[in-house]
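We number each residue from 1, following the sequence as shown. Ligands are counted one by one from 1 in listed order, and the atoms in each one are counted from 1 as well. Below, all heavy atoms of this structure are taken into account, side chains as well, without hydrogens, waters or symmetry copies. Since the structure is predicted, the reported quantities are computational estimates derived from the model, not experimental observations.
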Amino acid sequence: MDAAPMLQDAEIGFPIPPGVYAETVTEVQHYSDSLFRFRVTRDPAFRFRSGEFVMIGLPNADRPVFRAYSIASPSWDEQIEFYSIKVPDGPLTRYLQRLRVGDTVLMRRKPTGTLVNDALLPGKRLWMFATGTGIAPFASIIRDPETYEKFDEMIVCHTCRTSQELTFGRNLLNDLKNDPLVGELSPRLTLYDTLTREDWPRVGRQTDLMASGKMFSDLGVPPIDPDTDRAMICGSMAMLNDTKAALESFGLEEGANSRPATFVVEKAFVG
Ligand code: A2P
């Protein structure tokens, strides 16, 4: 039992648990029946490193359900952005998908995660491998000037089932050109998006395109080399395992905050 006092929020009706921020929704954008993004206010005391995740929940129960969400906005942004799937029976997303501007979102105060620049050794080229909503932490990382200081080139590989699911990533890359901090640097970033269940200029899983070498010839870059290339992976467990094996076959080694190396891994939020 936590001894810290519970603050009562008159408008919400449920107590706000200790150790969380109660933030206000400022924007909601739906992409499809299964995907949306939203932005919330940010407490000035909240600090995180681009690429980290936090636990979020809703003030709709005495003991709210919290789930890990990658922060999709960079660490310098005045607000916090999240990108989410909608699961009809999901313990959190069944409610989260109905968010409106002005609603309250609970956010635990402590961010964490391994998809951070600090967990990678310096290199020439940064690969960011994502499937589905696994692109969220990379939306943060590619808007952080530190990433451009550390790497000459960046490639975001995003594989989804249908073209609707690519919209978030494509909009992100388009908007990056006008970004106040990294807009001028954005030509150093390439989006390589592929589809597995619809026609598209690039079809197939990124892992297969890597194994066949087509990804490298399409991009006009040499195959992954531990001397020059670094990588971050975010997706389902199966995708993480397959991508990890592919990177290890090129000689890359998994790192962590305490021991930086040549690639890092994080499981995408799934429920
Ligand atoms: P596929 O359509 O061939 O299963 P999911 O929604 O199942 O997480 O999948 C999201 C995207 O990731 C899909 O395009 C899917 O391809 C792809 N994918 C699923 N599993 C893997 C994997 N092990 N390695 C690479 N891509 C994967």
Side-chain angles (χ1 to χ4, degrees), residues 29-37 51 53 67-70 72 82-94 96-97 113-115 126-142 154-173 190-219 221 223-224 229-254 262-271:
Q29 182 182 8
H30 293 272
Y31 296 99
S32 67
D33 289 347
S34 60
L35 290 168
F36 72 117
R37 79 173 178 101
F53 65 85
R67 287 287 182 272
Y69 266 80
S70 287
F82 297 104
Y83 180 47
S84 178
I85 49 170
K86 308 174 192 175
V87 181
D89 303 323
L92 177 60
T93 64
R94 66 196 289 191
L96 205 61
Q97 62 185 279
T114 50
L115 298 184
L126 174 65
W127 294 84
M128 288 161 269
F129 295 105
T131 51
T133 56
I135 195 172
F138 303 139
S140 173
I141 289 163
I142 66 173
M154 285 129 290
I155 301 169
V156 175
C157 296
H158 192 204
T159 298
C160 291
R161 297 176 180 211
T162 64
S163 56
Q164 259 187 343
E165 297 169 348
L166 296 181
T167 310
F168 174 83
R170 297 187 74 77
N171 289 352
L172 181 73
L173 267 281
T190 307
L191 176 66
Y192 185 81
D193 50 7
T194 80
L195 287 186
T196 52
R197 306 204 187 183
E198 258 181 26
D199 263 353
W200 187 252
R202 295 162 296 282
V203 291
R205 291 181 174 191
Q206 52 189 239
T207 38
D208 295 335
L209 292 160
M210 205 177 345
S212 69
K214 188 170 188 312
M215 178 185 282
F216 308 117
S217 56
D218 283 350
L219 288 164
V221 297
I224 290 173
D229 295 80
R230 305 290 174 259
M232 295 179 168
I233 320 173
C234 190
S236 64
M237 203 44 103
M239 178 274 195
L240 297 185
N241 289 336
D242 290 352
T243 313
K244 196 174 137 130
L247 295 181
E248 285 170 347
S249 77
F250 289 111
L252 266 55
E253 279 176 23
E254 186 169 357
T262 47
F263 80 90
V264 282
V265 170
E266 199 116 87
K267 192 172 184 309
F269 171 72
V270 283

Check whether any N or O atom of Cys160, backbone or side chain, sits under 3.5 Å from an N or O atom of ligand 1, and answer yes or no.
-> yes
Crowded around Glu198 CD? As in, over 12 foreign heavy atoms under 6.0 Å?
-> yes
State, with a plain yes or no, whether a side-chain heavy atom of Met215 is found less than 4.5 Å away from one of Cys157.
-> yes
Where on Thr207 is there a heavy atom closer than 4.0 Å to ligand 1, on the side chain, on the backbone, on both, or on neither?
-> side chain
Would you say ligand 1 has an N or O under 3.5 Å from any N or O of Arg197?
-> yes
Under 3.5 Å, is there a donor-acceptor pair between the Thr159 and Thr194 side chains?
-> yes
Would you say Gln206 and Met239 make side-chain contact, with heavy atoms under 4.5 Å?
-> yes
For atom 11 (C) of ligand 1, what's the nearest protein heavy atom and its distance?
-> Thr159 O, 3.7 Å
From the candidates His158, Arg205, Gln206, Arg161, the one that places a heavy atom nearest atom 22 (C) of ligand 1 | Arg205
According to the interplanar angle, ranging from 0 to 90°, do the rings of Phe82 and Tyr69 count as parallel (below 30°), tilted (30 to 60°) or perpendicular (above 60°)?
-> perpendicular
What's the shortest distance from atom 23 (N) of ligand 1 to any protein heavy atom, and which residue and atom give it?
-> Asp242 OD2, 2.8 Å
Best match, Thr133, Thr196, Ile233: closest heavy atom to atom 13 (C) of ligand 1 = Thr196
Side-chain contact, heavy-atom cut-off 4.5 Å: Phe138 with His158?
-> no
Closest protein heavy atom to atom 10 (C) of ligand 1, given as residue, atom name and distance to 0.1 Å | Thr131 CB, 4.2 Å
One finds that the ligand 1 atoms under 4.0 Å from a non-hydrogen atom of Ala238 are 23 (N)
Answer whether the closest heavy-atom distance between the side chains of Tyr31 and Tyr83 falls below 4.5 Å.
-> yes
